[in-house]
*Asks:* 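Before I ask anything, let me first share the structure, which is written out below as structure tokens.
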There are 2 protein chains.
Amino acid sequence: MHAVAKTTTSVPGLRERKKQATRRAIAEAAVRLAAEHGVENVTVEAISEAAGVSPRTFFNYFPSHDDAFVLVDDEVGERIRESVRLAPADRPPLDVVRDALVAELDGFEARKELWVLQCKVLQRSPHLIHRGLKAHVAEERALAVAITDWLGSTRPGTDAPPGAAVFPRLLAAVAQTALRVAVEHWCDRPGETALAEVFRDVFAQLAQGLPRPPA
Amino acid sequence: MHAVAKTTTSVPGLRERKKQATRRAIAEAAVRLAAEHGVENVTVEAISEAAGVSPRTFFNYFPSHDDAFVLVDDEVGERIRESVRLAPADRPPLDVVRDALVAELDGFEARKELWVLQCKVLQRSPHLIHRGLKAHVAEERALAVAITDWLGSTRPGTDAPPGAAVFPRLLAAVAQTALRVAVEHWCDRPGETALAEVFRDVFAQLAQGLPRPPA
DNA sequence: AATAATTTTGCAGGGTCTGCATCTTTGCCT
DNA sequence: AGGCAAAGATGCAGACCCTGCAAAATTATT
């Protein structure tokens, strides 16, 4: 408090940093081992061994064996929802959600290697896709709430037509699905197309009501 | 072969009937117990006990504990895909998929009680939703293939624009998602709206590119 | 009625996951 | 510095999940 002025915020402290490091070490070890030997042949013990922690510690970071193989960043979803809530009220809903997602694409491509590697693991173990979709569904529901907020800011308290109540959930679900399809498609063709391009194309098709593409 | 002429087909035989009965008994016991005590408090032993089989037999019918709680009918998906493949080549893709799904809706409402009950279980245990989505994703991929077949029957072997390759996967994924959203929405409001109505409404919104619903 | 095929079952064993007690590490204070 | 309190890591016991394998029971066929 006297000689050295501490940076009052920002620095998470050694404790938190070590925790994050441990978490990343476990996740990275899990993905690498899975890419080499296949998911079902990678035990918690092996992951812990490679990450340099005890098997018991593994479960302090991941609730289940499978959860170690999917990469989830909570902050991304929160930024997306905030972006939706602050969107101009008169824009097309699909555009609002699309742009909110596109804004996060840069950080996505930055970790390209990691995602491609994980995509391979997920393709070999479809059973893990659903673990990834777990976060997906959670995101979907939170996004639906954000969309409802955004829409509600236009006209509060009015009798709605039958479709209105489903709309936020449908838009959120479709947007997440489009994102997933774009990523899967992009993973299948590494380096061939930019993710942003696939992404924009997919949303364009959605906006047109999924017409038959010109052959 | 001599005295009694056997009904050459149709009758599945006592063996097959008992198997189906056992399977249904296990599934029903699982759902009922889960509805009462919560999924995580229902062990395989308890389910087997209630179904009148040994714990080992449980795993002869369901690959995992969680799989006993989701109802899947393989034949339904096959009928849907066949319907898509046989559709007129000049119809709007979204309509083709919609109608293929709508045709199965009757059989769906017939088991209304069962589905509502299961929806409650799934709502209390989100972790099971993904198990249900497992079949969902499998269906999605198979459906994408069927859509590709159907589209391909129009013009085989032509240079495709960037969006064309994604289209079948996107359409299949979006259609499955729309189905899921419709079912969830319908489960939340039992008896208020017919599933077919929600379903048609959702697809209408998709066909219009998800515009803002009139408030 | 006897035999063959299929299903059910018990058992052993490995893997997942949790709660609890203990030990080590980290953060903060004088 | 040195010590105290909080938090994380670890080991262990135990319940549960899941899978082979071989024996017993049930069903189909001759």
Side-chain angles (χ1 to χ4, degrees), chain A residues 1-26 29-30 33-34 37-70 125 127-128 130-131 134, chain B residues 1-26 29-30 33-34 37-70 125 127-128 130-131 134:
Chain A
M1 255 216 261
H2 302 122
V4 179
K6 297 181 63 178
T7 57
T8 44
T9 60
S10 64
V11 173
L14 184 89
R15 200 164 226 154
E16 194 60 25
R17 266 181 293 150
K18 279 193 87 170
K19 275 182 66 174
Q20 294 305 325
T22 301
R23 184 182 180 85
R24 261 180 290 143
I26 295 175
L33 288 173
H37 304 101
V39 174
E40 61 277 7
N41 295 327
V42 177
T43 69
V44 170
E45 188 179 356
I47 299 172
S48 309
E49 168 84 21
V53 297
S54 101
R56 184 63 185 82
T57 299
F58 175 95
F59 290 103
N60 289 344
Y61 284 90
F62 297 92
S64 93
H65 170 256
D66 295 351
D67 282 308
F69 301 98
V70 303
S125 311
H127 130 263
L128 277 186
H130 327 306
R131 193 72 55 166
K134 174 181 178 181
Chain B
M1 253 215 263
H2 302 124
V4 178
K6 297 183 61 177
T7 58
T8 44
T9 60
S10 64
V11 172
L14 186 119
R15 203 163 225 154
E16 194 61 26
R17 269 182 289 148
K18 280 193 86 170
K19 275 183 69 174
Q20 294 305 324
T22 302
R23 186 182 179 84
R24 263 181 288 145
I26 295 175
L33 289 172
H37 304 101
V39 174
E40 61 275 7
N41 295 327
V42 177
T43 69
V44 170
E45 188 180 356
I47 299 172
S48 310
E49 168 82 23
V53 297
S54 98
R56 183 63 185 82
T57 299
F58 174 94
F59 290 104
N60 288 345
Y61 285 90
F62 296 92
S64 92
H65 170 256
D66 295 352
D67 283 308
F69 302 98
V70 303
S125 310
H127 129 264
L128 278 186
H130 326 306
R131 190 74 54 166
K134 175 181 178 179

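Residue numbers begin at 1 in each chain, while the letters A, B, ... track the order of the sequences. What you see is a predicted model, and the numbers here were worked out from it, not measured in a lab.
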*Asks:* Answer yes or no: are there more than 12 heavy-atom neighbours, outside B:Glu40 itself, under 6.0 Å from its atom CD?
*Replies:* yes
*Asks:* With respect to the side chain of B:Lys19, which nucleotide from C:dT16, D:dC17, C:dT7 is positioned closest?
*Replies:* C:dT7
*Asks:* Remember a base hit wins even if backbone is also touched, and classify B:Tyr61 as base, sugar-phosphate or nothing at under 4.0 Å, heavy atoms.
*Replies:*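 Sugar-phosphate contact only.
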*Asks:* Starting from P on C:dT24, measure out to NZ on A:Lys18 and report it in whole angstrom.
*Replies:*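 After rounding, the gap between these two atoms is 14 Å.
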*Asks:* How many whole angstroms separate atom CD of A:Glu49 from atom P of D:dG11?
*Replies:*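 So the CD-P distance, A:Glu49 to D:dG11, works out to 12 Å.
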*Asks:* Please report, rounded to the nearest Å, how far the C1' atom of D:dA9 is from the CD atom of A:Gln20.
*Replies:*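 One finds 16 Å between C1' of D:dA9 and CD of A:Gln20, rounded.
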*Asks:* In whole angstrom, give the distance that lies between atom CG of A:Asp67 and atom C1' of C:dT16.
*Replies:* 12 Å
*Asks:* A:Ile47 CD1 to C:dG15 P: how many Å, rounded?
*Replies:*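 That distance rounds to 13 Å.
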*Asks:* Which nucleotide in the set C:dT7, C:dT8, C:dG15 lies at the smallest distance from any side-chain heavy atom of A:Thr43?
*Replies:* C:dG15
*Asks:* Is there a side-chain contact between A:Lys19 and A:Arg23, using heavy atoms and a 4.5 Å cut-off?
*Replies:* no
*Asks:* Checking the side chain of B:His65 only, and the main-chain atoms of B:Val42 only, is there a donor and an acceptor separated by less than 3.5 Å?
*Replies:*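 Side chain of B:His65 to backbone of B:Val42: a pair is present.
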*Asks:* It should be established whether A:Ser54 places a side-chain nitrogen or oxygen under 4.0 Å from OP1 or OP2 of nucleotide D:dA9.
*Replies:*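 So the side chain of A:Ser54 is outside the cut-off, no N or O lying under 4.0 Å from OP1 or OP2 of D:dA9.
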*Asks:* In whole angstroms, how far is the P atom of D:dA9 from the CZ atom of A:Arg23?
*Replies:* 12 Å
*Asks:* Atom CD of A:Glu40 and atom P of C:dG15: how far apart are they, to the nearest Å?
*Replies:*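 So the CD-P distance, A:Glu40 to C:dG15, works out to 13 Å.
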*Asks:* I want to verify a distance call: between C:dT26, C:dC11, D:dT10, whose nearest atom is closest to the B:Arg56 side chain?
*Replies:*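 Given the options C:dT26, C:dC11, D:dT10, the side chain of B:Arg56 is closest to C:dC11.
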*Asks:* Looking only at non-hydrogen atoms, find the nearest pair between B:Phe69 and B:Ala34 and report the distance.
*Replies:*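 Looking at all heavy atoms of both residues, the shortest contact is CE2-CB, 3.5 Å.
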*Asks:* Should B:Val44 and B:Phe59 count as side-chain neighbours, where that means a heavy-atom distance under 4.5 Å?
*Replies:*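 Counting from C-beta outward, B:Val44 and B:Phe59 do come under 4.5 Å.
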*Asks:* In whole Å, I'd like the distance from the CZ atom of B:Phe59 to the C1' atom of C:dT16.
*Replies:*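 In whole Å, C:dT16 C1' lies 12 Å from B:Phe59 CZ.
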*Asks:* Indicate, with a heavy-atom threshold strictly under 4.0 Å, whether A:Phe58 touches base, sugar-phosphate, or nothing.
*Replies:* nothing
